[in-house]
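Values reported hereafter were calculated over all heavy atoms of this structure, with side chains retained and with hydrogens, waters and symmetry mates removed. Each chain gets a letter, A, B and so on, in the order its sequence line appears, and its residues count up from 1.
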Amino acid sequence: MSKEVRVRFAPSPTGYLHVGGARTALYNWLFARNQGGKFLLRIENTDVKRSSKEMEEYIKEAMLWLGLNWDEDIVYQLDRLEIYRKFARELIEKGLAYYCYTPPEELKKEGGGVECFEVDPAKYQGKPLAIKFRVPNEGTTEFDDIIRGHISFRNKDIGDFVIVRSDGIPTYNFAVVVDDHYMGITHVIRGEDHISNTPKQILIYQAFDWEIPEFAHLPMILGPDKKRLSKRHGATSVLEYRDEGILPEALFNFLALLGWSPGDNREIVPKDEMIKLFDLRRVGKRAAVFDLDKLHWINSEYIRMKADEEIYRLALPYVEKAGLVKTEEDRERFRKVVPLLKERVRLLKDFIDLSEYFFKDVETYDEKGVKKHFKEGVEERLRLLVERLENLDSFDEKSIENVVRALAEELGVSAAKIIHPTRLAVTGRTFGPGLFELMAVLGKDECIKRLKKAITWLEERKREKGG
RNA sequence: GGCCCCAUCGUCUAAUGGCUAGGACACCGCUCUUUCAAGGCGGCGGCGGGGGUUCGAAUCCCCCUGGGGCCA
């Protein structure tokens, strides 16, 4: 029986959880679940100025929305400052780290290159001293990355580095090692941008004689311009995708397959299946472009797979917020609208536009539609249709269809000659759900009202044109 | 600038030395259909370049080029 797998996601609460961070968290989560291990959350809030509780809450909300639940109490770096300092002093005692001082003239240097010189702390009482880690000049530091294989660095290229700043705050590389050791992390799964931090961290592990975890460096996620993903590429926070109506299952699926593939040709893979199949060794090495089109396609697939009732529940807030659905009656109608639109929607917010005419009068008719379907003689056809619809007792899909088709036959025209103008009259548009089901949802009175309105509109237009 | 990583259709990817390099998104046709969407069928389109190794290379090695990251 091997040791329990423990992984962590360690965001800084200085910004939103973006898709890059989300995928890192997601791979950690998948790996932990696959291995029957633990997924932990650590908040790296030592940058006090830029960190906020608010951002921390956003990050947690986004993670939970995606289904990335963590297993133990959250670890906060800011609570552990004394511990870092203690371990740093231990390294000094061992002669593996030293105090250093940066003279004021160094700080004035422009363009970096600021030096911090080793000093005897006894002679620099009261001066701000940093602590630097001593890196041997000889040899190499290497590791076997689960994703990338063997990676080696010459120690002389690494050079001494600061582990505790003069203000007493530990640097990233130092805090990470102390925390990962303390948390019993067995596998460090993080972005490729940390590869060059890894040898520094390994040197620290070795200095303490701590067990070195396994490393897996994930490829970056790029924007459509192949540049690093940033605010310029639209939605920056995972929660913005939620607000647009991306389902968490869809984003999960999409992100999981961005850099990893189960090996078969499937694109839609349920979460439990992913947990079973996930394998870090199958994660790709090259950076991946975030393809919004594909995300939207996956989302539409998930929307289609869900029950009408669930989509109703999920989509309702969108149409309510847009002011379309206000009353209990509206909600009942929207419940009937959902099955008609479910297969035509990519994002939940698409319900707003696509269902508008179910809740609002038709004010304008699609221009191209008018040219195409509101032609000579159309008023007469619509007038006859109104007459027959008025005589219908049961205004259901089948009855409406029978009326329309019978009328077409009597007039010796194709059903399309009635269907298209009617759609335009009733919805103002040239596309949408099947006409008969749509009319049934709209109801007899409303359909007749709209048809009459269109007839009037046509007559007025004719008069204007005619003279 | 130094170090490190990466390189298959426009995009996400499959291929673990061996069938005409497979699938998906997007795009374009055709089909189904009352429209749209979905579906079905088909098309477009790729191993960055050059050297090796091998009977045989997308796959292994080297160089170049091009991206990217970290540090300075």
Rounded distance (Å) that lies between atom [atom2] of [N] and atom [atom1] of [X]:
| X | N | atom1 | atom2 | answer |
| --- | --- | --- | --- | --- |
| K368(A) | U35(B) | NZ | P | 17 Å |
| K398(A) | U34(B) | NZ | P | 12 Å |
| L251(A) | C25(B) | CG | P | 19 Å |
| L424(A) | U34(B) | CG | C1' | 13 Å |
| L257(A) | C25(B) | CG | C1' | 12 Å |
| F290(A) | A24(B) | CZ | P | 21 Å |
| F153(A) | C3(B) | CZ | P | 12 Å |
| N265(A) | A21(B) | CG | C1' | 13 Å |

Can you list, pair by pair, the side-chain donor-acceptor contacts under 3.5 Å of residues 403-412 of chain A, counting residues two or more places apart and other chains?
unit_1, atom_1, unit_2, atom_2, d
R405(A), NE, E401(A), OE2, 2.8
R405(A), NH2, E401(A), OE2, 3.0
E410(A), OE1, R388(A), NH1, 3.2
E410(A), OE1, R388(A), NH2, 2.6
E410(A), OE2, R388(A), NH1, 2.9

- Item | Qualifying residues under side chain to side chain contact (heavy atoms under 4.5 Å, CB included), relative to A207(A), sequence neighbours excluded | L91(A), L96(A), F133(A)
- Item | Interface with RNA chain B, restricted to residues 429-447 of chain A and to heavy atoms under 4.0 Å | T430(A), F431(A), G432(A), P433(A), G434(A), L435(A), F436(A)
- Tell me which residues in residues 337-361 of chain A put a heavy atom below 4.0 Å from RNA chain B, sorted by number, or none. E343(A), R344(A), R346(A)
Short N/O separations, protein against nucleotides 42-46 of chain B, under 3.5 angstrom:
none

- Task: Please report the C-alpha distance between F161(A) and F174(A) in whole Å, then the side-chain angles of each, then the deciding distance to 0.1 Å, and finally whether the ring-ring contact (aromatic ring centres under 6.0 Å, His included) criterion is met.
- Result: CA-CA 10 Å; F161(A) 56 91; F174(A) 189 60; 8.8 Å; no
May I ask which nucleotide in the shown strands pairs with [N], Watson-Crick or G-U wobble, both distances under 3.5 Å?
| N | result |
| --- | --- |
| A7(B) | U65(B) |
| C55(B) | G18(B) |
| G2(B) | C70(B) |
| U34(B) | none |

Could you measure between the two [atom1] atoms, the one in [N] and the one in [M], and give it in whole Å?
| N | M | atom1 | value |
| --- | --- | --- | --- |
| C63(B) | A24(B) | P | 39 Å |
| G68(B) | A26(B) | P | 28 Å |
| A58(B) | U20(B) | C1' | 16 Å |
| C60(B) | G18(B) | P | 11 Å |
| U13(B) | U53(B) | P | 34 Å |
| U16(B) | U59(B) | P | 14 Å |
| U34(B) | C41(B) | C1' | 23 Å |
| C19(B) | A57(B) | C1' | 15 Å |

- Message: Can you build the contact string for nucleotides 60-71 of chain B? Use B for base contact, S for sugar-phosphate-only contact, and - for no protein heavy atom under 4.0 Å.
- Response: --------SSS-
Compute the ring centroids of [X] and [Y], then answer whether they are less than 6.0 Å apart.
| X | Y | answer |
| --- | --- | --- |
| H194(A) | Y172(A) | yes |
| F143(A) | F215(A) | yes |
| W457(A) | Y365(A) | yes |
| W29(A) | F252(A) | yes |
| F87(A) | F208(A) | yes |

- Message: Between the base of A24(B) and the side chain of K294(A), is there a donor and acceptor pair under 3.5 angstrom?
- Response: yes
- Note on the structure: Of the listed U34(B), C6(B), A37(B), the closest approach to the H420(A) side chain comes from U34(B)
- Note on the structure: Closest of A24(B), C12(B), U13(B) to the W297(A) side chain is A24(B)
- D167(A) side-chain N/O to I169(A) backbone N/O, donor-acceptor pair under 3.5 Å: yes
With a 4.0 Å cut-off on heavy atoms, is [X] in touch with a base, just the backbone sugar-phosphate, or nothing at all?
| X | answer |
| --- | --- |
| R282(A) | sugar-phosphate |
| S152(A) | sugar-phosphate |
| R148(A) | sugar-phosphate |

Under a 3.5 Å threshold, yes or no: a donor from one side chain and an acceptor from the other, between [X] and [Y]?
| X | Y | value |
| --- | --- | --- |
| T198(A) | H217(A) | yes |
| D396(A) | S399(A) | yes |
| Y241(A) | N299(A) | no |
| Y98(A) | D160(A) | yes |
| Q77(A) | D179(A) | yes |

- Under 4.0 Å between a Lys/Arg side-chain N and an Asp/Glu carboxylate O for D308(A) and R335(A)? no
- Message: Can you tell me how the ring of F334(A) sits relative to the ring of Y312(A), calling it parallel under 30°, perpendicular over 60° and tilted otherwise?
- Response: tilted
- Task: Between L258(A) and I151(A), name the one whose nearest nucleotide on RNA chain B is closer to the 5' end.
- Result: I151(A)
